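Only a predicted model underlies this, so the values are computations on that prediction, with no experimental measurement involved. Ligands are counted one by one from 1 in listed order, and the atoms in each one are counted from 1 as well.
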Amino acid sequence: MENIKAIRGFDDVFFEEAKKFRFITNTFRELFRIYNFEEIILPIVEYKELFDRSVGEITDIVQKEMFVFEDKSKRVLALRPEGTAGVVRSVIENGLLYKKPFLKLFYEGPMFRYERPQSGRKRQFHQIGCEVLGLEDPASDFEVIKLCFEAFKMLNIDITLEINSIGCPVCRPSYREALTSYLTNVEGLCKDCEERRFKNPLRVLDCKVETCKDLTKEAPVMLDYLCEDCSNHYKSLKTYLDTFNIPYKENPRLVRGLDYYTKTVFEFIKDGLTLLAGGRYDNLIESLGGPKTPAIGFAAGIERLMLFTEAKSEEPLYTVVYIEDTKLEAIKVANELRKNGKRVEIILKGSNLKKKLEIADKIGASFAIIIGPDELKKGIYILKNMFTKEQKEIKNLGDI
Ligand code: ATP
Ligand code: MG
């Protein structure tokens, strides 16, 4: 019988990669703490309709990428492809906006999209992200972007921030009209863009097909159509970014692949890959049946970040090496050192001291505490530095 394998695009994460993963999530969690965000933990499965109504029916995510299935009662469910829809659903359902003057929530967890798996693009991937609900001040856009900027500094990733404004229901219709009429005269768009150009023309600007990119080079841009409110919002954001020395590039073609965005959109890009993306979505909450509430958020792709992250160097590993007669003493030593917060392994494999020391070396020990028969008699331990091979006698474990 053939062994069972993991599903394509569903990866196992272990050893160094798992450390990188946690280094990334811990970094964001620490920032969420100092920026006063609270965690929200949500289901992985939602009614498919939630994503139709939030992410948007004419997006790639909903049209091509969702894992959709029926449960036994024929309800149509989907594995969540992103986090914002669920947060907004929960906030409305639980009346959270009535409990606090504004909400700052973060989430972390697996997301699912049926895409062609490749490096940094998986079918199960992980995002860590946040949502600020109830604040329309552009300083809240700035705060969210600043938090991301700090994260990249802490992760030691050299990154480019791109920003744009995609307007609001006041100004977008006239832009949409201008873009649609421009696109009507363009020939040679891909099949998807042929459909998008009438239903969702902004998304044509987001197409990854080279010919589409080329054909829309001269297309009108939203920035030239912003209403006064959107224009002021955008200007204020840029002033904050300038004042606090956050470098950015304005990209008037940045539109984002989800329908719910308004005003500010931004992406942190490295070598052509978007590692983190976000934006404002001032109408989503109302459109899903909640009170009219401005909001902004972002999501970072953990697997994408892992491509550019080095795991943090490890804390030292202490190993306890013994012979059969001193095994109990070895266990006591390990207990004592762990009480002092040290990372300790008792070498339970290997038939003699020499073999045990070899094993200690193989598992990456920095130190070995050796307890042989002579040491036991004398009431001492030998502390061996595994790198320099130096050995010294110690009486007190507290001296380690
Ligand atoms: P892309 O244009 O690369 O497909 P997207 O616009 O679909 O990205 P978002 O929906 O904005 O991505 O998700 C935010 C982030 O989540 C992305 O910037 C990326 O880092 C990550 N991400 C999205 N899809 C995947 C995937 N299939 N595998 C791994 N990470 C992903
Ligand atoms: Mg995508």
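- Salt bridge annotation for D52-K48: present, with a cationic side-chain nitrogen under 4.0 angstrom from a carboxylate oxygen.
- Where the criterion is an N or O separation shorter than 3.5 Å, residue side chain and backbone included, A299 fails it with respect to ligand 1.
- One option in G120, G129, G301 has a heavy atom closer to atom 29 (C) of ligand 1 than any other, and that option is G120.
- Taking the charged nitrogens against the carboxylate oxygens, R33 and E30 do have a contact shorter than 4.0 Å, which makes a salt bridge.
- Near A277, with a cut-off below 4.0 Å to any heavy atom, the atoms of ligand 1 are 11 (O).
- With a 4.0 Å cut-off on non-hydrogen atoms, R121 touches ligand 1 through its backbone as well as its side chain.
- Using a non-hydrogen distance threshold of 4.0 Å, E115 registers as a contact of ligand 1.
- In this structure, E267 does not count as a contact residue of ligand 1, since none of its heavy atoms falls inside 4.0 Å of the ligand.
- Taking every non-hydrogen atom of K122 and a distance limit under 4.0 Å, the qualifying atoms of ligand 1 come out as 26 (C), 27 (N), 28 (N), 29 (C).
- Residue contact check: Q127 has heavy atoms under 4.0 Å from atoms 13 (O), 14 (C), 15 (C), 16 (O) of ligand 1.
- At a heavy-atom cutoff of 4.0 Å, ligand 1 is contacted by no atom of L305, backbone or side chain.
- Taking each of I61, T274, L307 in turn, the one with a heavy atom nearest to atom 17 (C) of ligand 1 proves to be T274.
- For E57 and K199, the salt-bridge test fails: no basic side-chain N is under 4.0 Å from an acidic carboxylate O.
- Residues F106 and F37 keep their aromatic ring centres 6.0 Å or farther apart.
- For E303 and K122, the salt-bridge test fails: no basic side-chain N is under 4.0 Å from an acidic carboxylate O.
- Not a single heavy atom of R123 sits less than 4.0 Å from an atom of ligand 1.
- Between D192 and K64 a salt bridge is recorded (basic side-chain N to carboxylate O distance below 4.0 Å).
- For E303, no nitrogen or oxygen atom sits less than 3.5 Å from a nitrogen or oxygen atom of ligand 1, counting backbone and side chain alike.
- Contact check on R256 versus E267 returns a salt bridge, with a Lys/Arg side-chain nitrogen under 4.0 Å from an Asp/Glu carboxylate oxygen.
- Residues E358 and K354 are paired through a salt bridge, judged by an N-O separation under 4.0 Å between the basic side chain and the carboxylate.
- Note on K191 versus E194: no salt bridge recorded, every NZ/NE/NH1/NH2 to OD/OE distance being 4.0 Å or above.
- Of the listed options K208, R116, R256, E82, R256 places a heavy atom closest to atom 9 (P) of ligand 1.
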